[in-house]
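Worksheet for the structure shown next.
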Amino acid sequence: ALTYDTPPAWADGALADLPALLLDHYFLEVKAACQARWLEAHCGERLASGVRDLRALAKEEEAHAKRVQAFLRELGDGVRPHGENRYVRG
């Protein structure tokens, strides 16, 4: 259970700039995939039983990032440099 109730104004602000929200989400998906690939490459011997899970996680995150990227293109925005995001500030 979450211990914090997100104020409705936050959601309104986030949805006011959906491309910015999705762009931030895209970069988080890419970061998660990169982390899984890094762990596989650098800690694979110590995490032998989890390597298959790391590969699956990386593939899942990469696929999700591609879906978010496609949705951004549909909105006419696409992936661009990631700067400060007003929805994160709240």
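Just so you know, residue 1 is the first one in the sequence shown, and it goes up from there.
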### Residues that V68 engages under side-chain contact (heavy atoms from CB on, under 4.5 Å), provided they are two or more places apart
L22, H25, Y26, H64, L72
### Query
What is the distance from atom CG of L23 to atom CG of L75, rounded to the nearest 0.5 Å?
11.5 Å
### Query
Can you list every pair that meets salt bridge (charged side-chain N to carboxylate O under 4.0 Å, His left out) and has a residue in residues 62-73, with sequence neighbours left out?
R37-E62
### Query
Got a sec, which residues hit side-chain contact (heavy atoms from CB on, under 4.5 Å) with L54, two or more places apart in sequence or on another chain?
A36, L39, E40, L47
